[in-house]
**Q** 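Sharing a structure here in structure tokens format.
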Amino acid sequence: MTSPSHAAHRPGRRHTDLVRALTWLKEDSGLTFDELAARTTVSASALKRAAGLHTAVAPEHVVIAFVRACGADADQEPVVLKLWRAARAEQRGILATLHAPAVTAIRTGADLTAALAAAYERAGAPALRVLQERATTDDTDGALLLPRTSAWRITRREGRPTAWTQCAAFLRGCGIHPRHMPAWHDAWTRTQTPTPAAHRPHAPLGPLLLTERVHLATSPTSKRTYLAPPTGGNWTAPLPRADRACLPGEQRALTRFFEGLAPAERYTVLAAGLTRLLTTRARRNGTAPDTAVDAIAVSDDGTLHLIQAKHYGDTAPPAPALQAQAA
């Protein structure tokens, strides 16, 4: 029966390919493990483990030392390192779970996060110190371009690069060739650019599709303009199912939540939302004329009163139709 220790290191096909390549190099060199160790700073036992199938895939520096001690030529070393990266990815078993898109198919931040993690796994998941060393340029140390904490978060899909320079540093650390960098830069740019409205699902007013047309009226005593419900006393209505299906997931959830509220609760929720929206816009431009509204007051009967705003973001006066309704 296979012992638990051996079962834990059951070799995969990629690991087997790597061991076969290392064994062939050793036999071709005609050297023993002790003689190979004498040519490196790695022990003979570590080299022997690297050429065996009973332990985990050897570290990268051991494989590099093994290949060079065997006298491999300039073409053989890259081939063996490619086998090592594949064996490491196979052993870790993370790459297949990422479902990362191709670089040209990256569209969102989540796509980029998965693609960067996949690049790290394909590189053999090198140590963070190695990532920093490989990220170094002629002008800047890799530790500055790619802080270790940032690199750690990227590899674990808990964060994304804060700038393209950091993203490029991470990719260099993963061994991405310079000729592939333009495609990665394009992908980065796509994730930083908002999706054009023409490509979004049709949702003209988002959650505000819940409301019918709001009517304006003027108080005969205070001359203040306020929101008045249309005839029938209700100015919210459920969305048709076809329209609801066009909304993004978050807005569909908000729609279901809103429709489950009592009428009085709907007034309160909408009042709070409109207050935040309108007051935020009112503060964007401190030199704009006074238009629109500044805050909303809700009376006991559910009537919403709009108070005149100060410094609204739009500098144009109210539309004639709006002025006519308010008169």
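Below, each value reflects all heavy atoms present in this structure, side chains not excepted, and no hydrogens, waters or symmetry copies. Quick note: residue numbers are just sequence positions, from 1.
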**Q** Indicate yes or no for a side-chain donor-acceptor contact from Ser150 to the backbone of Leu146 under 3.5 Å, with no hydrogens or angles considered.
**A** no
**Q** In residues 157-170, what donor-acceptor pairs under 3.5 Å come from side-chain atoms, sequence neighbours left out?
**A**
residue: Glu158; atom: OE2; partner: Arg156; partner atom: NE; Å: 3.3
residue: Gln166; atom: OE1; partner: Thr162; partner atom: N; Å: 3.2

**Q** Using the rule that two of Ile, Leu, Val, Met, Phe, Trp, Tyr join whenever any of their side-chain heavy atoms come within less than 4.5 Å, decide whether Leu145 and Ile176 are in one cluster.
**A** no
**Q** Distance-only check: which donor-acceptor pairs under 3.5 Å involve side-chain atoms of residues 92-99, not counting sequence neighbours?
**A**
residue: Arg92; atom: NE; partner: Glu121; partner atom: OE1; Å: 2.8
residue: Arg92; atom: NE; partner: Glu121; partner atom: OE2; Å: 3.4
residue: Arg92; atom: NH2; partner: Glu121; partner atom: OE2; Å: 2.9
residue: Thr97; atom: OG1; partner: Ile94; partner atom: O; Å: 2.6

**Q** If I take atom CH2 from residue Trp184 and atom NE2 from residue His180, how far apart are they, to the nearest 0.5 angstrom?
**A** 10.5 Å
**Q** Of all the heavy-atom pairs spanning Leu36 and Ser29, show the shortest one and how long it is.
**A** CD2-OG, 4.4 Å
**Q** Counting only pairs under 3.5 Å, give me each side-chain donor-acceptor contact of residues 62-76, with atom names and distances, residues two or more places apart or in other chains.
**A**
residue: Arg68; atom: NE; partner: Glu77; partner atom: OE1; Å: 3.2
residue: Arg68; atom: NE; partner: Glu77; partner atom: OE2; Å: 3.4
residue: Arg68; atom: NH2; partner: Glu77; partner atom: OE2; Å: 3.0
residue: Asp73; atom: OD1; partner: Asp75; partner atom: N; Å: 3.0
residue: Asp73; atom: OD1; partner: Gln76; partner atom: N; Å: 2.8
residue: Gln76; atom: OE1; partner: Asp73; partner atom: N; Å: 3.0

**Q** Drop me the distance from Leu25's CG to Arg20's CZ, to the nearest 0.5 angstrom.
**A** 14.5 Å
**Q** Should Met181 and Ile154 be counted in the same cluster of Ile, Leu, Val, Met, Phe, Trp and Tyr side chains packed under 4.5 Å apart?
**A** yes
**Q** Is the side chain of Tyr120 donor-acceptor paired with the backbone N or O of Pro126 at a distance under 3.5 Å, no angle test?
**A** yes
**Q** Leu47, Val19: one ILVMFWY side-chain cluster at the under-4.5 Å cut-off?
**A** no
**Q** Checking Asp111 against Thr191 for the side-chain contact (heavy atoms from CB on, under 4.5 Å) test, could you report, in this order, the C-alpha distance in whole Å, the side-chain angles of both residues, the deciding distance, and whether it holds?
**A** CA-CA 8 Å; Asp111 291 343; Thr191 64; 5.8 Å; no
**Q** Indicate if Val42 and Leu31 have the same hydrophobic cluster label, given that clusters are the connected sets of ILVMFWY residues with side-chain heavy-atom separations under 4.5 angstrom.
**A** yes
**Q** Quick one: list whatever passes side chain to side chain donor-acceptor pair (under 3.5 Å) with Ser43, sequence neighbours left out.
**A** Ser45
**Q** Which atom names give the shortest non-hydrogen contact between Arg190 and Thr104, and what distance separates them?
**A** NH2-O, 3.5 Å
**Q** Does the side chain of Leu22 come within less than 4.5 Å of Leu18's, by heavy atoms?
**A** yes
**Q** Do you know the tightest heavy-atom contact between Pro101 and Ala115?
**A** O-CB, 4.3 Å
**Q** Donor-acceptor pair, distance only, cut-off 3.5 Å: does the side chain of Thr136 make one with the backbone of Gln132?
**A** yes
**Q** Any chance you could measure Lys26, atom NZ, to Thr32, atom OG1, to the nearest 0.5 Å?
**A** 7.0 Å
**Q** Please give me the minimum heavy-atom distance between Glu90 and Arg13, naming the atom from each residue.
**A** OE2-N, 3.1 Å
**Q** Just to verify, what does Arg129 make a salt bridge (Lys or Arg N to Asp or Glu O under 4.0 Å) with, not counting sequence neighbours?
**A** Glu133
**Q** Is there a donor-acceptor pair closer than 3.5 Å between any side-chain N or O of Arg88 and the backbone N or O of Ala125?
**A** yes
**Q** Can you tell me how far apart CG (Leu116) and CD1 (Ile106) are? Round to the nearest 0.5 Å.
**A** 7.0 Å
**Q** For the CG atom of Leu171 and the CG atom of Leu131, what is their distance to the nearest 0.5 Å?
**A** 10.5 Å
**Q** Using 0.5 Å steps for rounding, measure from the CZ atom of Arg14 to the CG atom of Leu83.
**A** 8.5 Å
**Q** For a 4.5 angstrom cut-off between non-hydrogen side-chain atoms, does Arg134 reach Arg172?
**A** no
**Q** Which residue pairs pass the salt bridge (Lys or Arg N to Asp or Glu O under 4.0 Å) test when at least one of the two sits in residues 28-57, sequence neighbours left out?
**A** none
**Q** Does Val79 belong to the same Ile/Leu/Val/Met/Phe/Trp/Tyr cluster as Trp84, with side-chain heavy atoms less than 4.5 Å apart forming each link?
**A** no
